[in-house]
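To keep things clear, I will list the structure first and then write my remarks on it.
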Amino acid sequence: MTRNLRIDGDRLWDAIMEMARIAATAKGGNCRLALSDDDREGRDLFVRWCEAAGMTCTVDRMGNIFARRQGTNPQALPVATGSHLDTQPTGGKFDGGYGVLAGLEVVRTLNDAGIETEAPIEVICWTNEEGARFAPAMIGSGVFSGDFSLEYGHSRADAEGKTLGGELERIGYLGDEEPGGHQLGAHFEAHIEQGPILEATGKTVGVVTGVQGTHWFDVRLAGMEAHAGPTPMEMRRDAVVAAASLIGEINRLALGEAPHGRATCKITSCMPSGTRNTIAGEVSLTVDLRHPDKAAYERMAGTLPEIAARTASATGVAIEVEKIWSSPPIEFDAGCIDAVRRAAALADCDHMDMVSGAGHDSVYVSRVAPTAMIFVPCEGGISHNETEHATSGDLAAGCNVLLHAMLDRAGPVTQE
Ligand code: HGY
Ligand code: MN
Ligand code: MN
């Protein structure tokens, strides 16, 4: 009865564009940082839309929002889909918002068709997926899965010292439900690929079988401030020179684990700042290392301290490496992966298996519920960039696969 059911691609596109008007940037992207007033505005819009679609919304103590469409069997575990509404500071319109609003479009489509599923359907907005304002990333789903305690989650502070728990309370999304007390029968997430593979291979849908591992580190370099003029080169302990050497070594570390190794460094502070004729005494870096293979993922993390020690002895600059977060490579549930494959075939979408290069809430949700993801192409594979773009056709195709993957797991359906 549902074989030929299709979502409304224009309605999905319009919802994504309306959400993208919240915290829109001049270059066409979004800056909707987690638990900011803009995030609250996006959350409120999502809740209004869900309630207008006949769903009931509950919020847990990490601010994760669960919008529920009842099934014919209220005892059945919900089949869920979820993603995030928070963005990078220079993020795009589609990263996260697509997945949340594709879930809403699935419900709107079922409503229009008068389809009742046996299992309830839930659409989830996970808190602070990006990790841009509060580190680490995916902390809302990570507390939900039990990988982090609620206290740890609430204690995360942004650069101004505001805590995640305090900001949840301030924006009115400190819910009552204990995180994790909400069992899920299955979880799917639709997302743009954020890389070049689908576009390069001409495929419309990625059947995501797993997610690569990620390590985050903070690195502090302490040299000696001195005068840029009279100080001989051989006497210097220049924190910027040490940082430059270390960043080059870290880049070579990823290239040495080709083709899948990834390393990204950011210089977050350089002291004293704003003066070019004092040699830098202190530099702070963030480091993001990734690999899909567990042994290589561990090898890269284990090599970083050795690289730091070598650089320190060569430059006379003290280097401290602190592990902030580790998310090992994961594989998704075979049954959910098969459901995505069947749905892609049913929706006539050219598809391929792939591993996600980016982290997603589904990583943590997969610890507590059968999970898989659905990717669609993004232009040039560009994401975490205000020019991020995806076509309405691809977004609709991915949403049709989401619809049928969820129906595949939601038990028998009836039609009004
Ligand atoms: O870092 C990531 O991969 C994700 O965008 N949070
Ligand atoms: Mn995302
Ligand atoms: Mn992202």
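Small disclaimer: the values here were computed from a predicted structure and weren't measured.
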[atom2] on [Y] to [atom1] on [X], rounded to 0.5 Å:
X	Y	atom1	atom2	value
Asp394	Glu199	CG	CD	9.0 Å
Thr387	Lys93	OG1	NZ	9.5 Å
Ser356	Gln194	OG	CD	7.0 Å
Thr109	Leu403	OG1	CG	6.0 Å

Tell me if a side-chain donor or acceptor on [X] pairs with a main-chain N or O of [Y] at a distance below 3.5 Å.
X	Y	answer
Asn73	Glu118	no
Glu388	Asp95	yes
Arg156	Ile139	no
Thr311	Ala242	no

Which heavy atom in [X] sits nearest to a heavy atom in [Y], and how many Å separate them?
X	Y	answer
Leu33	Gln88	CD2-C, 4.1 Å
Leu289	Leu253	CD1-CD2, 4.3 Å
Ala137	Glu129	CB-O, 3.2 Å

Please tell me if the side chains of [X] and [Y] come closer than 4.5 Å, counting only heavy atoms from C-beta onward.
X	Y	value
Leu407	Leu110	yes
Cys31	Asp38	no
Leu35	Asp86	no
Phe188	Val401	no

Step-by-step side chain to side chain donor-acceptor pair (under 3.5 Å) determination, Arg310 to Ser245: CA-CA 10 Å; Arg310 268 205 313 273; Ser245 168; over 6 Å; no
In terms of the angle between their ring planes, are [X] and [Y] parallel, tilted or perpendicular, with boundaries placed at 30° and 60°?
X	Y	result
Phe148	Tyr152	parallel
Phe144	Phe66	tilted
Trp325	Tyr364	tilted

Glu189 side chain to Ser83 side chain, donor-acceptor N/O pair below 3.5 angstrom: yes
Residues Gln212 and His260: side-chain donor-acceptor under 3.5 angstrom: no
Any salt bridge linking [X] with [Y]? Criterion: basic side-chain nitrogen under 4.0 Å from a carboxylate oxygen.
X	Y	value
Glu322	Arg220	yes
Arg32	Asp39	no
Asp8	Arg108	no
Arg11	Asp14	no
Arg133	Asp158	yes
Arg262	Asp288	no

Crowding at CG, Leu77 (>12 non-hydrogen neighbours, <6.0 Å): yes
Glu51 atom CD, over 12 foreign heavy atoms within 6.0 Å: yes
